[in-house]
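The structure appears right after this line, and notes come after that.
Below, chain A is the first sequence line, B the second, and so on; all start at residue 1.
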Protein chains: 2
Amino acid sequence: MTKKPTKVATPSAALANATAPAPASSEEAPTSNRAARAAERRAAIVEAAMEEFIARGFAATRLDDIARRAGVAKGTIYLHFKDKESMFEELVRTVIVPVVAKLNALPPPTGSVRDLIEAFAGNFLKEVIGTRRGDLVRLIVAEGPRFPSVADFYYREVVSRGIAGMRALIELGIARGEIREKDLARYPQILVAPAMIAVIWQSLFARHAPLDAQDMLRVHLDLIFGERRTT
Amino acid sequence: MTKKPTKVATPSAALANATAPAPASSEEAPTSNRAARAAERRAAIVEAAMEEFIARGFAATRLDDIARRAGVAKGTIYLHFKDKESMFEELVRTVIVPVVAKLNALPPPTGSVRDLIEAFAGNFLKEVIGTRRGDLVRLIVAEGPRFPSVADFYYREVVSRGIAGMRALIELGIARGEIREKDLARYPQILVAPAMIAVIWQSLFARHAPLDAQDMLRVHLDLIFGERRTT
DNA sequence: TGACAATGACTGACTAGTCAGTCATAAATT
DNA sequence: AATTTATGACTGACTAGTCAGTCATTGTCA
């Protein structure tokens, strides 16, 4: 039935072409055993899928494109994921989990609350705003309503924890007299809002009006903690 | 294929169902002349398209569904719009324009700046948060990157004007001594951020954790203007 | 150690289905 | 009757998901 006498060159050659002369991104070992190779494949698929989903959204993304970008045949995707939908869902989980891990490993609360939050904001700036992770946030906002399970997961793992953490910090700030506005503890969203806006702004309007997110967050913290002493 | 001998009742009946017993929204006349009927059709299509696009996103929305919801045959859509893409773009324009008109018709600046902004926030709460318009904002955030022309339009017509207006208000507040934080004028986004977050929250997380947007905005204004005097 | 067998990861042509856009025909309006 | 407007069956391009077949790797045995 299939009329392929010569077969398809070598699959490994195709793979090498698709990604780079050297294997994958982080790991460099020639990946001897099967399991490792499989994990590597899966990682490549996840990576490629994220790029495509971010660029085109769920519905408009073609699995063929993901496969090509991952340097893998389409069928291979189905060895790792049940279908397009559950691939999207698992993808979000896979990418989010390390973030949650980091959130849990919060630094010991030394120094002023303002310093803590400032450090947190700095981190957020570097790791989220204007990065692939920021785009992922926008993707979740975009697809959330069509993927309740994704929205649920994101709320449970990231939002609710983030809100709770921020609330604890705010309460500490209030107890220490650093924060005046007591009601702020009821709406930690207010503390985070400018950061979220910065994420969205970057991917929608940066080309029209670049936003100095760092400076904006500083001003926002001044608003909450009062003008910063000069040093 | 479709076994519909009797035809689809009357289109107007279907339309009436979709919106209300009485035809269309504003106009009530039996729409005698051609132009009026055409405009009505177009409005029905726009209305239906907005519902579908909000519910499914651009790529996953079927023109057949829009046509059915609008009580119109698919071909009719193409009498009003060139194709799906330009329909989406024109749709956003059509829905946004009245909002801009309202923005331009700002009330005369009487009373304190805080009162002005509070009135504005109240309006926003009623007309945007938790309404179809709020969903439209989310839709623009979602599809913006794939429709630069939509993002451009939205930025030009809504965002940049809104930011400018807020900045003027903030500067007034600073001049009058109502607002302490002078740098706020450089980032009117901070003033608006919680409102935007509320919009997004409603459509993503309201089921998990309902958000009292009104109260949150009040707290945020307290933060900016100082605790509100009891009356 | 070298030869051979078993495994299952991987492939990509293929199927079945979907949907944007078209156009011959019909209805309504003039 | 002529013209404009509306219809919806149809088409062709496109794509999610399948599966029979391939072959590098691993395991087994002499």
Side-chain angles (χ1 to χ4, degrees), chain A residues 1-19 23 29-45 48-49 52-53 56-88, chain B residues 1-15 30-42 44-45 49 52-53 56-88:
Chain A
M1 187 173 281
T2 49
K3 58 320 167 51
K4 265 286 161 80
T6 25
K7 191 54 204 331
V8 57
T10 68
S12 45
L15 209 193
N17 273 347
T19 52
T31 55
S32 44
N33 63 2
R34 296 248 264 246
R37 270 189 65 86
E40 201 176 73
R41 295 264 197 203
R42 195 195 148 99
I45 293 171
E52 294 289 330
F53 281 137
R56 301 174 151 60
F58 176 81
T61 291
R62 278 159 305 203
L63 290 200
D64 284 309
D65 289 345
I66 293 177
R68 190 170 336 119
R69 189 189 275 263
V72 150
K74 181 144 67 130
T76 306
I77 292 176
Y78 287 88
L79 299 176
H80 293 275
F81 303 94
K82 182 172 148 286
D83 57 17
K84 195 184 179 189
E85 257 189 47
S86 60
M87 178 167 73
F88 181 72
Chain B
M1 186 170 284
T2 48
K3 58 313 160 66
K4 264 289 166 71
T6 26
K7 187 48 200 334
V8 58
T10 67
S12 45
L15 209 192
T31 57
S32 43
N33 63 359
R34 295 248 265 248
R37 269 189 66 84
E40 200 176 76
R41 294 264 201 205
R42 194 194 147 97
I45 293 171
E52 293 291 329
F53 281 137
R56 301 176 149 65
F58 176 80
T61 291
R62 280 161 302 212
L63 290 201
D64 284 306
D65 289 347
I66 294 178
R68 188 167 342 116
R69 188 189 275 263
V72 149
K74 183 150 63 138
T76 306
I77 293 176
Y78 286 87
L79 299 177
H80 293 274
F81 302 95
K82 180 171 149 285
D83 57 18
K84 196 185 177 188
E85 253 188 55
S86 61
M87 177 167 73
F88 181 72

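Residues forming a side-chain contact (heavy atoms from CB on, under 4.5 Å) with B:Ala67 (at least two apart in sequence, or on another chain): B:Lys74, B:Ile77. For the side-chain contact (heavy atoms from CB on, under 4.5 Å) test, residues two or more places apart in sequence or in another chain that qualify with A:Ala73 are A:Thr76. Among residues two or more places apart in sequence or in another chain, the side-chain contact (heavy atoms from CB on, under 4.5 Å) test is passed with B:Arg62 by B:Arg56, B:Asp65. Scanning for ring-ring contact (aromatic ring centres under 6.0 Å, His included) contacts around A:Phe88 gives A:Phe53, A:Phe58, A:Phe147, with sequence neighbours left out.
Between A:Thr76 and the phosphate of C:dA9, there is no side-chain N or O to OP1/OP2 separation shorter than 4.0 Å. Dashed line: the shortest gap from a side-chain N or O of A:Lys84 to OP1 or OP2 of D:dA16 is under 4.0 Å. Phosphate proximity of C:dC10 to A:Arg41: present, with a side-chain N or O under 4.0 Å from OP1 or OP2. Between B:Arg62 and C:dT18 there is no side-chain N or O to OP1 or OP2 distance below 4.0 Å.
For residues 75-86 of chain B, no residue pair satisfies the salt bridge (Lys or Arg N to Asp or Glu O under 4.0 Å) rule, not counting sequence neighbours.
Atoms CG (B:Asp64) and P (D:dA9) sit 10 Å apart, rounded to a whole Å. Distance CG (A:Leu63) to C1' (C:dC14): 16 Å, rounded to an integer number of Å. If you measure from atom CZ of A:Phe81 to atom P of D:dA16, you get 15 Å, rounded to the nearest angstrom. Atom pair A:Lys74:NZ and D:dA20:C1' shows a separation of 16 Å (rounding to whole Å applied). Rounded to an integer number of Å, the gap from CZ of B:Phe58 to P of C:dA20 is 9 Å. Computed from coordinates, the A:Ile77 CD1 to D:dC19 P distance equals 17 Å when rounded to whole Å. Protein atom CG of B:Asp65 is 13 Å distant from nucleotide atom C1' of C:dA20, rounded to whole Å. Across the protein-nucleic acid pair, B:Glu85 atom CD and C:dA20 atom P stand 12 Å apart, rounded to whole Å.
To the nearest 0.5 angstrom, B:Ile45 atom CD1 is 8.0 Å from B:Met87 atom CE. To the nearest 0.5 angstrom, A:Leu79 atom CG is 11.5 Å from A:Arg42 atom CZ.
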Can you pull every protein N or O that's under 3.5 Å from an N or O on nucleotides 23-25 of chain C?
none

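If you check every strand for non-hydrogen atoms under 4.0 Å, A:Leu79 touches a base.
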